[in-house]
Amino acid sequence: MASWRLPQGRAVGSVRWLPSSAAAWDRMLVSTLFDPETGKPSLELNALGSKDSTEGRPWLDLRGEWELPGRVSALATAALQGENFLAVAGSIEGSVTVVPVDAVQVTTSELLDKEPLVLSGLHEASVCAVDVLDDSGDCLAVGEDGKISVVKISESELLPKRVHDSHGHISFSAAHWASSMEFVTAGVGAPLQWWDLRKPGGPVSQCRLKWDGSSPGFVHSLDVHPSRKHLCVVGGSGGSIFAWDLRWQRDAVKLAGVSASKSAIVESEVWEVKYDHASTISSSSDSGKVPPVMFCSEDGVLATIEGGNVTELLAEPCAINSFDVDCENGKDIVCGLEHESILFLKRRI
(Lines give C-alpha, C1' and ligand atoms only; values in the text may rest on other atoms or scores of the structure.)
Protein backbone atom coordinates (compact mmCIF):
# COMPACT_ATOMS: atom_id res chain seq x y z
CA MET A 1 0.00 0.00 0.00
CA ALA A 2 1.33 3.43 -0.97
CA SER A 3 0.52 6.51 1.12
CA TRP A 4 1.16 10.25 0.93
CA ARG A 5 0.66 12.95 3.57
CA LEU A 6 -0.77 16.29 2.43
CA PRO A 7 -0.23 18.99 5.14
CA GLN A 8 -3.10 21.48 5.54
CA GLY A 9 -1.87 23.88 8.25
CA ARG A 10 -5.31 23.72 9.88
CA ALA A 11 -7.22 21.12 11.86
CA VAL A 12 -8.88 18.56 9.57
CA GLY A 13 -12.31 17.48 10.73
CA SER A 14 -13.89 15.30 8.03
CA VAL A 15 -12.94 14.18 4.53
CA ARG A 16 -15.21 12.82 1.80
CA TRP A 17 -14.88 11.89 -1.84
CA LEU A 18 -17.23 13.79 -4.10
CA PRO A 19 -19.08 11.10 -6.08
CA SER A 20 -17.78 10.96 -9.65
CA SER A 21 -17.07 8.60 -12.51
CA ALA A 22 -13.84 10.43 -13.37
CA ALA A 23 -10.42 8.78 -13.29
CA ALA A 24 -8.70 8.44 -9.91
CA TRP A 25 -6.34 11.39 -10.35
CA ASP A 26 -9.21 13.66 -11.39
CA ARG A 27 -11.26 12.89 -8.31
CA MET A 28 -12.73 15.64 -6.14
CA LEU A 29 -12.19 15.71 -2.42
CA VAL A 30 -14.27 17.64 0.14
CA SER A 31 -12.72 18.46 3.51
CA THR A 32 -13.71 20.52 6.54
CA LEU A 33 -11.02 22.61 8.21
CA PHE A 34 -10.71 24.75 11.34
CA ASP A 35 -8.12 27.44 12.00
CA PRO A 36 -7.51 27.58 15.79
CA GLU A 37 -5.80 30.97 15.52
CA THR A 38 -8.67 32.79 13.81
CA GLY A 39 -11.48 30.49 14.96
CA LYS A 40 -12.77 30.27 11.39
CA PRO A 41 -14.23 26.99 10.07
CA SER A 42 -14.27 26.33 6.34
CA LEU A 43 -15.08 23.75 3.69
CA GLU A 44 -12.74 23.08 0.78
CA LEU A 45 -13.24 21.34 -2.55
CA ASN A 46 -10.01 20.07 -4.12
CA ALA A 47 -9.17 18.09 -7.22
CA LEU A 48 -6.70 15.31 -6.54
CA GLY A 49 -3.93 15.50 -9.13
CA SER A 50 -0.54 13.90 -9.71
CA LYS A 51 2.72 15.87 -9.96
CA ASP A 52 4.76 12.88 -11.04
CA SER A 53 3.15 10.37 -13.35
CA THR A 54 5.90 7.85 -12.60
CA GLU A 55 5.49 7.77 -8.83
CA GLY A 56 1.89 8.90 -8.81
CA ARG A 57 2.61 11.45 -6.08
CA PRO A 58 -0.66 13.32 -5.39
CA TRP A 59 -1.36 16.98 -4.76
CA LEU A 60 -4.47 19.04 -4.08
CA ASP A 61 -5.72 21.65 -6.55
CA LEU A 62 -8.15 24.03 -4.82
CA ARG A 63 -11.44 24.40 -6.73
CA GLY A 64 -13.59 26.06 -4.07
CA GLU A 65 -13.48 27.31 -0.48
CA TRP A 66 -16.34 28.48 1.70
CA GLU A 67 -16.35 29.94 5.20
CA LEU A 68 -18.97 28.21 7.34
CA PRO A 69 -21.18 29.66 10.11
CA GLY A 70 -19.89 27.19 12.71
CA ARG A 71 -17.30 24.49 13.29
CA VAL A 72 -18.30 21.35 11.41
CA SER A 73 -19.43 18.32 13.37
CA ALA A 74 -20.70 16.20 10.45
CA LEU A 75 -20.13 16.00 6.69
CA ALA A 76 -21.72 14.12 3.78
CA THR A 77 -21.68 14.25 -0.03
CA ALA A 78 -24.10 13.04 -2.69
CA ALA A 79 -24.58 12.94 -6.46
CA LEU A 80 -27.76 14.54 -7.82
CA GLN A 81 -29.53 13.84 -11.08
CA GLY A 82 -27.56 15.33 -13.93
CA GLU A 83 -24.05 16.68 -13.50
CA ASN A 84 -24.46 18.15 -10.03
CA PHE A 85 -23.31 17.22 -6.54
CA LEU A 86 -23.83 18.31 -2.96
CA ALA A 87 -21.64 18.70 0.09
CA VAL A 88 -23.61 19.03 3.34
CA ALA A 89 -22.08 20.10 6.65
CA GLY A 90 -23.68 20.12 10.10
CA SER A 91 -22.23 22.40 12.80
CA ILE A 92 -21.79 22.31 16.56
CA GLU A 93 -24.13 25.32 16.72
CA GLY A 94 -26.99 23.32 15.17
CA SER A 95 -26.96 24.70 11.63
CA VAL A 96 -26.77 22.87 8.30
CA THR A 97 -24.90 24.27 5.28
CA VAL A 98 -25.39 22.93 1.76
CA VAL A 99 -22.77 23.60 -0.92
CA PRO A 100 -23.98 22.81 -4.47
CA VAL A 101 -21.28 21.78 -6.95
CA ASP A 102 -21.61 21.91 -10.73
CA ALA A 103 -19.53 19.07 -12.21
CA VAL A 104 -18.88 21.02 -15.41
CA GLN A 105 -17.85 24.25 -13.70
CA VAL A 106 -15.57 22.46 -11.24
CA THR A 107 -13.37 21.18 -14.07
CA THR A 108 -12.37 24.73 -15.04
CA SER A 109 -9.40 26.55 -13.56
CA GLU A 110 -11.57 29.19 -11.87
CA LEU A 111 -12.66 28.81 -8.25
CA LEU A 112 -16.32 28.04 -7.64
CA ASP A 113 -18.17 31.13 -6.43
CA LYS A 114 -21.72 29.87 -5.85
CA GLU A 115 -23.04 30.84 -2.43
CA PRO A 116 -23.90 27.99 -0.07
CA LEU A 117 -27.37 27.55 1.41
CA VAL A 118 -27.43 27.89 5.21
CA LEU A 119 -30.20 26.69 7.52
CA SER A 120 -29.57 28.19 10.96
CA GLY A 121 -31.11 26.84 14.14
CA LEU A 122 -32.21 23.51 12.69
CA HIS A 123 -31.15 21.96 15.99
CA GLU A 124 -30.68 23.47 19.45
CA ALA A 125 -27.35 21.71 19.94
CA SER A 126 -24.67 20.09 17.81
CA VAL A 127 -25.73 18.33 14.61
CA CYS A 128 -23.93 15.04 15.23
CA ALA A 129 -24.59 13.31 11.92
CA VAL A 130 -25.82 14.10 8.42
CA ASP A 131 -26.45 11.79 5.48
CA VAL A 132 -27.63 12.70 1.98
CA LEU A 133 -29.52 10.59 -0.54
CA ASP A 134 -28.13 10.39 -4.05
CA ASP A 135 -30.45 11.69 -6.80
CA SER A 136 -32.98 13.44 -4.52
CA GLY A 137 -30.48 15.19 -2.22
CA ASP A 138 -32.72 14.71 0.83
CA CYS A 139 -30.62 15.34 3.93
CA LEU A 140 -31.04 13.42 7.19
CA ALA A 141 -29.76 15.25 10.29
CA VAL A 142 -29.73 14.19 13.94
CA GLY A 143 -28.51 16.10 16.96
CA GLU A 144 -27.54 16.13 20.61
CA ASP A 145 -30.92 17.69 21.32
CA GLY A 146 -32.61 14.38 20.50
CA LYS A 147 -34.26 15.64 17.33
CA ILE A 148 -34.36 14.05 13.87
CA SER A 149 -34.84 16.23 10.80
CA VAL A 150 -35.12 15.70 7.06
CA VAL A 151 -34.20 18.67 4.88
CA LYS A 152 -35.46 18.92 1.30
CA ILE A 153 -32.93 20.73 -0.86
CA SER A 154 -33.96 22.90 -3.80
CA GLU A 155 -31.91 25.28 -5.94
CA SER A 156 -32.68 28.32 -3.80
CA GLU A 157 -33.87 27.15 -0.38
CA LEU A 158 -33.76 24.44 2.27
CA LEU A 159 -37.06 23.01 3.49
CA PRO A 160 -36.76 21.31 6.90
CA LYS A 161 -39.19 18.83 8.38
CA ARG A 162 -39.04 17.55 11.96
CA VAL A 163 -39.37 13.76 11.96
CA HIS A 164 -38.95 13.10 15.67
CA ASP A 165 -38.33 14.96 18.93
CA SER A 166 -37.31 13.03 22.04
CA HIS A 167 -37.81 16.17 24.18
CA GLY A 168 -34.39 15.73 25.77
CA HIS A 169 -34.78 12.10 26.83
CA ILE A 170 -32.10 10.84 24.45
CA SER A 171 -29.31 12.30 22.33
CA PHE A 172 -28.65 11.06 18.81
CA SER A 173 -25.03 10.72 17.71
CA ALA A 174 -25.17 8.77 14.42
CA ALA A 175 -27.56 8.25 11.51
CA HIS A 176 -27.59 6.82 7.99
CA TRP A 177 -30.15 6.39 5.23
CA ALA A 178 -31.04 2.79 4.33
CA SER A 179 -33.46 3.72 1.52
CA SER A 180 -35.41 6.77 0.42
CA MET A 181 -37.91 6.08 3.23
CA GLU A 182 -35.85 4.26 5.88
CA PHE A 183 -32.90 5.18 8.08
CA VAL A 184 -30.99 4.00 11.15
CA THR A 185 -30.00 6.01 14.22
CA ALA A 186 -28.04 5.46 17.43
CA GLY A 187 -27.20 7.61 20.40
CA VAL A 188 -26.89 8.12 24.13
CA GLY A 189 -29.87 6.73 26.00
CA ALA A 190 -31.15 4.92 22.92
CA PRO A 191 -30.41 1.58 21.30
CA LEU A 192 -29.80 1.12 17.59
CA GLN A 193 -33.11 2.12 15.97
CA TRP A 194 -34.67 1.59 12.55
CA TRP A 195 -37.12 4.22 11.28
CA ASP A 196 -39.61 4.29 8.40
CA LEU A 197 -41.00 7.64 7.23
CA ARG A 198 -44.16 5.84 6.09
CA LYS A 199 -44.79 4.80 9.69
CA PRO A 200 -44.60 7.92 11.89
CA GLY A 201 -44.67 7.84 15.67
CA GLY A 202 -41.36 6.18 16.47
CA PRO A 203 -38.86 3.55 15.37
CA VAL A 204 -40.23 0.40 13.77
CA SER A 205 -37.43 -1.80 15.12
CA GLN A 206 -34.50 -1.61 17.51
CA CYS A 207 -31.78 -3.68 19.13
CA ARG A 208 -29.47 -3.37 22.12
CA LEU A 209 -25.74 -2.78 22.07
CA LYS A 210 -23.99 -4.63 24.90
CA TRP A 211 -21.08 -2.47 26.03
CA ASP A 212 -18.36 -3.65 28.40
CA GLY A 213 -17.12 -1.93 31.54
CA SER A 214 -18.81 0.11 34.24
CA SER A 215 -19.41 3.21 32.08
CA PRO A 216 -21.96 3.36 29.24
CA GLY A 217 -20.74 3.15 25.68
CA PHE A 218 -21.08 5.88 23.06
CA VAL A 219 -21.82 5.40 19.36
CA HIS A 220 -19.81 7.68 17.06
CA SER A 221 -20.59 6.29 13.61
CA LEU A 222 -22.75 3.82 11.71
CA ASP A 223 -23.08 2.62 8.15
CA VAL A 224 -25.67 0.67 6.16
CA HIS A 225 -24.57 -1.89 3.58
CA PRO A 226 -24.92 -0.38 0.07
CA SER A 227 -26.74 -3.37 -1.44
CA ARG A 228 -28.11 -5.22 1.62
CA LYS A 229 -30.01 -2.54 3.53
CA HIS A 230 -30.93 -4.90 6.35
CA LEU A 231 -27.27 -4.90 7.47
CA CYS A 232 -25.71 -2.07 9.45
CA VAL A 233 -22.47 -1.65 11.39
CA VAL A 234 -21.77 0.59 14.39
CA GLY A 235 -18.53 1.94 15.90
CA GLY A 236 -18.01 3.58 19.28
CA SER A 237 -16.30 3.55 22.66
CA GLY A 238 -13.48 1.26 23.70
CA GLY A 239 -12.74 -0.04 20.22
CA SER A 240 -16.21 -1.58 20.02
CA ILE A 241 -17.76 -2.39 16.65
CA PHE A 242 -21.16 -4.05 16.28
CA ALA A 243 -23.04 -5.52 13.33
CA TRP A 244 -26.82 -5.77 13.23
CA ASP A 245 -28.93 -7.78 10.81
CA LEU A 246 -32.43 -6.32 10.91
CA ARG A 247 -33.93 -9.68 9.95
CA TRP A 248 -32.66 -11.32 13.14
CA GLN A 249 -34.48 -8.93 15.49
CA ARG A 250 -32.02 -9.59 18.29
CA ASP A 251 -28.90 -8.14 19.89
CA ALA A 252 -26.17 -6.90 17.60
CA VAL A 253 -23.09 -9.07 17.05
CA LYS A 254 -19.87 -7.65 18.49
CA LEU A 255 -17.08 -7.67 15.91
CA ALA A 256 -14.42 -5.88 17.95
CA GLY A 257 -13.92 -4.81 21.54
CA VAL A 258 -13.13 -6.37 24.89
CA SER A 259 -15.59 -9.25 24.66
CA ALA A 260 -15.20 -9.99 20.96
CA SER A 261 -14.08 -13.51 20.03
CA LYS A 262 -10.76 -12.19 18.76
CA SER A 263 -9.39 -9.11 20.48
CA ALA A 264 -8.99 -6.08 18.25
CA ILE A 265 -5.89 -3.98 17.95
CA VAL A 266 -7.88 -0.93 19.03
CA GLU A 267 -8.99 -0.01 22.55
CA SER A 268 -9.78 3.68 22.00
CA GLU A 269 -12.73 5.44 20.39
CA VAL A 270 -13.76 4.23 16.93
CA TRP A 271 -14.49 7.53 15.19
CA GLU A 272 -15.76 6.20 11.89
CA VAL A 273 -16.84 2.84 10.52
CA LYS A 274 -17.89 1.83 6.99
CA TYR A 275 -18.49 -1.28 4.97
CA ASP A 276 -15.39 -1.90 2.86
CA HIS A 277 -16.50 -1.25 -0.74
CA ALA A 278 -13.69 -3.20 -2.42
CA SER A 279 -13.98 -6.27 -0.20
CA THR A 280 -17.75 -6.09 -0.36
CA ILE A 281 -17.63 -6.33 -4.15
CA SER A 282 -15.31 -9.31 -4.13
CA SER A 283 -16.59 -11.15 -1.06
CA SER A 284 -19.23 -13.85 -0.94
CA SER A 285 -22.86 -12.82 -0.58
CA ASP A 286 -23.38 -15.48 2.10
CA SER A 287 -26.19 -14.07 4.22
CA GLY A 288 -24.79 -15.76 7.31
CA LYS A 289 -21.55 -13.76 7.26
CA VAL A 290 -20.88 -10.16 8.21
CA PRO A 291 -19.40 -8.32 5.19
CA PRO A 292 -15.94 -6.76 5.58
CA VAL A 293 -15.78 -3.53 7.59
CA MET A 294 -13.22 -0.71 7.72
CA PHE A 295 -12.75 1.67 10.66
CA CYS A 296 -10.49 4.42 12.04
CA SER A 297 -9.71 5.27 15.66
CA GLU A 298 -8.48 7.79 18.20
CA ASP A 299 -5.20 5.89 18.60
CA GLY A 300 -4.36 6.30 14.90
CA VAL A 301 -5.37 2.93 13.46
CA LEU A 302 -7.06 2.33 10.12
CA ALA A 303 -8.02 -1.32 9.81
CA THR A 304 -10.43 -3.84 8.34
CA ILE A 305 -12.41 -6.64 9.98
CA GLU A 306 -13.33 -9.71 7.95
CA GLY A 307 -14.26 -13.15 9.23
CA GLY A 308 -13.36 -12.16 12.79
CA ASN A 309 -9.83 -11.12 11.81
CA VAL A 310 -8.56 -7.56 12.16
CA THR A 311 -6.03 -6.39 9.55
CA GLU A 312 -4.19 -3.15 10.18
CA LEU A 313 -3.83 -0.94 7.10
CA LEU A 314 -2.29 2.12 8.73
CA ALA A 315 -0.88 3.14 12.12
CA GLU A 316 -0.41 6.87 12.72
CA PRO A 317 1.07 8.68 15.77
CA CYS A 318 -2.13 10.75 16.03
CA ALA A 319 -5.88 10.25 15.84
CA ILE A 320 -7.49 9.48 12.48
CA ASN A 321 -10.62 11.62 12.75
CA SER A 322 -12.29 10.55 9.53
CA PHE A 323 -11.83 8.48 6.38
CA ASP A 324 -13.59 7.71 3.14
CA VAL A 325 -13.19 4.98 0.51
CA ASP A 326 -13.59 5.68 -3.19
CA CYS A 327 -16.73 3.76 -4.09
CA GLU A 328 -15.76 3.76 -7.77
CA ASN A 329 -12.73 1.47 -7.38
CA GLY A 330 -12.37 0.72 -3.66
CA LYS A 331 -8.61 1.28 -3.86
CA ASP A 332 -8.30 4.96 -2.97
CA ILE A 333 -8.71 6.01 0.66
CA VAL A 334 -8.48 9.46 2.23
CA CYS A 335 -8.01 10.09 5.96
CA GLY A 336 -8.26 13.25 8.03
CA LEU A 337 -5.48 13.30 10.62
CA GLU A 338 -5.38 15.12 13.94
CA HIS A 339 -1.92 16.46 12.98
CA GLU A 340 -3.46 18.88 10.44
CA SER A 341 -2.98 16.63 7.42
CA ILE A 342 -4.93 14.69 4.84
CA LEU A 343 -3.52 11.26 4.11
CA PHE A 344 -4.09 9.62 0.74
CA LEU A 345 -3.65 5.86 0.41
CA LYS A 346 -3.75 3.62 -2.63
CA ARG A 347 -4.06 -0.06 -1.81
CA ARG A 348 -3.65 -3.18 -3.88
CA ILE A 349 -6.71 -5.39 -4.21
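When reading the values below, keep in mind they use all heavy atoms of this one structure, side chains included, and skip hydrogens, waters and symmetry mates.
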Decide yes or no for [X] and [Y]: does some side-chain heavy atom of the first lie under 4.5 Å from some side-chain heavy atom of the second?
X	Y	answer
Leu18	Leu45	yes
Val150	Trp177	yes
Lys152	Leu158	no

Nearest-0.5 Å distance that lies between atom [atom1] in [X] and atom [atom2] in [Y]:
X	Y	atom1	atom2	value
Trp271	Glu338	CH2	CD	9.5 Å
Asp138	Ile153	CG	CD1	7.5 Å
Leu343	Ile333	CG	CD1	9.5 Å
Cys139	Leu159	SG	CG	12.5 Å
Ser237	Glu267	OG	CD	13.5 Å
Asn46	Asp61	CG	CG	7.0 Å

Legend entry - side chain to side chain contact (heavy atoms under 4.5 Å, CB included), paired with Val184, selected from Leu246, Leu140, Val234, Leu192: Leu192
Inset, instruction - Pick out which of Ile305, Val310, Val253, Val290 makes a side chain to side chain contact (heavy atoms under 4.5 Å, CB included) with Ile241. - result: Ile305
Inset, instruction - Identify, with sequence neighbours excluded, every residue that meets side-chain contact (heavy atoms from CB on, under 4.5 Å) alongside Ser322. - result: Ser14, Val15, Arg16, Glu272
Legend entry - Under the side-chain contact (heavy atoms from CB on, under 4.5 Å) test, residues paired with Ala76 that sit two or more places apart: Val130, Val132
Inset, instruction - Kindly state each residue pair satisfying salt bridge (charged side-chain N to carboxylate O under 4.0 Å, His left out) with at least one member in residues 200-209, sequence neighbours excluded. - result: Arg208-Asp251
Legend entry - Phe85-Trp17 aromatic ring centre distance below 6.0 Å: no
Inset, instruction - Step through it carefully: locate the ring centre of Trp244, locate the ring centre of His230, and say whether they are under 6.0 Å apart. - result: no
Pairs of donor and acceptor atoms involving the side chains of residues 65-74, under 3.5 Å and at least two apart or interchain, shall be tabulated with distances.
from  : atom 1 : to     : atom 2 : distance (Å)
Glu65 : OE2    : Arg10  : NH1    : 3.3
Trp66 : NE1    : Lys114 : O      : 3.0
Ser73 : OG     : Gly90  : O      : 3.2
Ser73 : OG     : Ser91  : O      : 3.3
Ser73 : OG     : Ser126 : OG     : 3.4
Ser73 : OG     : Val127 : O      : 2.5

Inset, instruction - Quick one: closest heavy-atom pair of Ala175 and Asp131, and the distance? - result: O-CB, 4.2 Å
Legend entry - Closest contact, heavy atoms only, Thr77 versus Pro19: OG1-CD, 3.7 Å
Legend entry - Side-chain donor or acceptor of Ser3 paired with backbone N/O of Leu345 under 3.5 Å: no
Inset, instruction - Mind checking salt bridge (charged side-chain N to carboxylate O under 4.0 Å, His left out) for Arg5 and listing every partner two or more places apart, or none if nothing turns up? - result: Glu316
Inset, instruction - May I ask you to say whether Asp324 pairs ionically with Lys274, meaning some side-chain N is under 4.0 Å from a carboxylate O? - result: yes
Inset, instruction - Return the orientation label for the Trp195 and Phe183 ring planes: parallel under 30°, perpendicular over 60°, tilted otherwise. - result: parallel
Side chains of residues 116-124: which donor-acceptor pairs under 3.5 Å do they make with residues two or more places apart or in other chains?
from   : atom 1 : to     : atom 2 : distance (Å)
His123 : ND1    : Asp145 : OD1    : 3.0
His123 : ND1    : Asp145 : OD2    : 3.3
His123 : NE2    : Ser149 : OG     : 3.2
Glu124 : OE2    : Lys147 : NZ     : 2.9

